[in-house]
Amino acid sequence: MTDVERIANLFSEIMEIPINELNDSISYNSYPTWDSLRHLQLISELEDEFNIEFCLEDITSMRTYKEVKELTRKYLQ
Amino acid sequence: MQTLTLYKKDLTEEFLNKLATFLNEGFPSETQTLWKLRFKLWWFSNPFLTDTTPVCWIIEDETTNTLIGFLGNLMVLFKYGNQHLRVSDGTSWYVAKNIRGPETSSLYFTFSRQKNADVILNTTPSSTIQTILPTLGFKQIGGDKLQNYMIIINVAKYISMMATLLDHFSESQSGNKAQIFVLASKVGNICSKILPKRKQAQMPAHDTDGRYIIRDCKNSQSFLESLTKHKKGNTIELSKDKTTLDWILFSPEVQALLRRTTAQIFTKTGEYCGYFIYDIQHVGKDTTLRIRELQLLKPEDAVIKLILKHAKVEAKNAGCAAVYSGLQNPDPAVDKLLHKHILLSLKTENRYYVKFRKNVITDVDPYSIYVPSDLDPDVGFI
């Protein structure tokens with residue numbers, strides 16, 4: 001499984017959005033499920049999955065699914 | 001928006017006034033005066049707060065210089081054998097209702113990642129936050145439910161208090177649940193007004209039954225001496241050293257906020273039997289007497305009866321609505337006796353969560369030997 005697929009699986013599971021409906025324009029609060037608590041959960045589970053630790057600036061910058069993927073991948077390079 | 005870590009030097013009077021106003025908006029049943037008493041206990045009288053320990057984290061709108069988010073930090077010491085553990089508890093997490101964005105998560109992350117703490121506590125999470133704590137690495141201590149005991153002292157005040165609580169709960173609910181809470185709150189308010197006021201009865205002596213005597217403990221020294229008589233296992237729990245006891249049991253700040261009493265029980269011949277600690281605590285505009293710890297060398301029916309008699313009289317004298325006890329980790333024998341003498345009991349959700357930093361304790365699973373108390377932050381500090 002690629003890193004992007006692992007991110008997609010986690011994101012889909014936490015936000016309760018079917019994986020085939022994921023697209024880059026999904027943004028914070030555009031789906032009722034992506035609230036501050038799910039955001040906490042997302043960050044925490046991404047950190048566990050990839051054994052990384054996001055900096056605060058990146059945590060608060062993740063406003064779209066596209067940014068979630070890009071910022072996570074930044075730590076994997 | 002910016003997230004800031006504040007230290008003791010940042011606690012100016014102007015900031016504390018602003019913070020009390022902000023938290024009063026977030027928790028409407030809790031007055032600004034109450035918040036200021038809390039700040040004194042949490043930060044100004046805390047002997048474990050160094051200049052480099054965060055007192056809280058805030059989110060501020062720098063363009064308007066307005067507070068929009070807060071998470072308080074309570075730092076205490078726990079003990080594991082001879083090892084001291086720095087324990088940080090997050091309290092009173094609130095973000096203004098109109099602010100919703102990833103920035104609000106920053107408060108939690110700055111709290112949970114602070115380097116000053118060996119252990120992170122969360123003992124009063126909302127039911128929503130509670131659901132995600134396990135995914136954030138927290139473990140619930142003491143099972144899903146807590147057994148609570150209650151003796152109603154003043155029916156009208158009790159109903160009024162419940163009405164306030166229901167009104168408060170309705171704000172955090174939606175749909176039918178909110179309507180039920182609102183309705184119950186209104187009925188409660190009406191009932192509390194129309195119920196006839198009972199005359200204050202002359203109470204019998206409540207500090208002795210002829211066999212046992214209850215005495216208030218006035219300082220940490222005499223309490224420390226009696227604590228040595230209680231058996232200690234290989235546990236992780238709140239440190240009951242002199243510095244901690246002077247602060248959490250006997251400081252003017254704890255008295256101003258919680259009117260905390262430490263009482264010891266002796267036989268008629270002066271033999272030490274145990275102790276109990278209780279607060280006269282505000283619940284909205286009403287008060288309750290809350291028993292926070294109860295430890296007996298040998299649980300006996302007569303001692304429990306005397307403690308309850310004492311608590312009822314003290315509660316009545318203080319104008320309390322009820323005596324309440326929801327002991328964390330009670331001695332099963334004490335629990336059985338409380339159950340025998342208190343008819344009103346109910347199970348509530350246990351909300352005590354702990355997270356140990358990696359490698360703080362390596363020789364044992366720290367969660368398996370953790371002993372929670374109702375005196376721990378933040379439940380014992382608010």
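Every chain is numbered from 1 and lettered A, B, ... according to where its sequence line falls, protein lines coming before strand lines. We use all heavy atoms of the structure for the numbers below, so side chains are in, but hydrogens, waters and symmetry mates are not.
Heavy atoms from other residues, nucleotides or ligands lying under 6.0 Å from CG of B:Asp363 number more than 12. Environment of NZ in A:Lys66: sparse, with no more than 12 heavy atoms of neighbouring residues, nucleotides or ligands closer than 6.0 Å. Within 6.0 Å of atom CD in A:Glu57, 12 or fewer heavy atoms from other residues, nucleotides or ligands are found, so the atom counts as exposed in its surroundings. By the 6.0 Å contact criterion, NZ on B:Lys145 is enclosed, its count of non-hydrogen atoms from other residues, nucleotides or ligands being greater than 12. At most 12 heavy atoms of other shown residues, nucleotides or ligands fall within 6.0 angstrom of atom CZ in A:Arg73. Within 6.0 Å of the CD atom in B:Glu62, the count of heavy atoms belonging to other residues, nucleotides or ligands exceeds 12.
The CG atom of A:Leu37 sits 11.0 Å away from atom OH of B:Tyr108, with the distance rounded to the nearest 0.5 Å.
Of all non-hydrogen atoms in B:Phe109 and A:Glu47, the two that sit nearest each other are CE2-OE1, 4.5 Å. Contact record, B:Ser105 with A:Ser36: OG-O, 3.6 Å, taken as the closest heavy-atom pair. Taking each heavy atom of B:Glu103 and A:Thr60 in turn, the nearest pair found is CA-CG2, 3.6 Å.
Residue contact with chain A, scored on non-hydrogen atoms closer than 4.5 Å, is absent for B:Thr131. Using a 4.5 Å cut-off between heavy atoms, B:Ile132 touches chain A through its side chain atoms alone. At a 4.5 Å heavy-atom cutoff, the contact between B:Thr104 and chain A is made by side-chain atoms alone. With a 4.5 angstrom heavy-atom cutoff, A:Leu40 touches chain B via backbone and side-chain atoms both.
The contact list for residues 83-94 of chain B toward chain A, using heavy atoms and a distance under 4.5 Å, reads B:Trp93 by residue number.
Although no hydrogens or angles enter the test, the distance criterion places no donor-acceptor pair under 3.5 Å between the side chain of B:Thr135 and the main chain of A:Glu45.
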Distance-only criterion, 3.5 Å: show the donor-acceptor pairs between side-chain atoms of residues 10-22 of chain A and protein atoms not counting sequence neighbours.
residue	atom	partner	partner atom	Å
A:Ser12	OG	A:Ile17	O	2.7
A:Glu16	OE2	A:Arg38	NH1	3.0
A:Glu16	OE2	A:Arg38	NH2	3.0

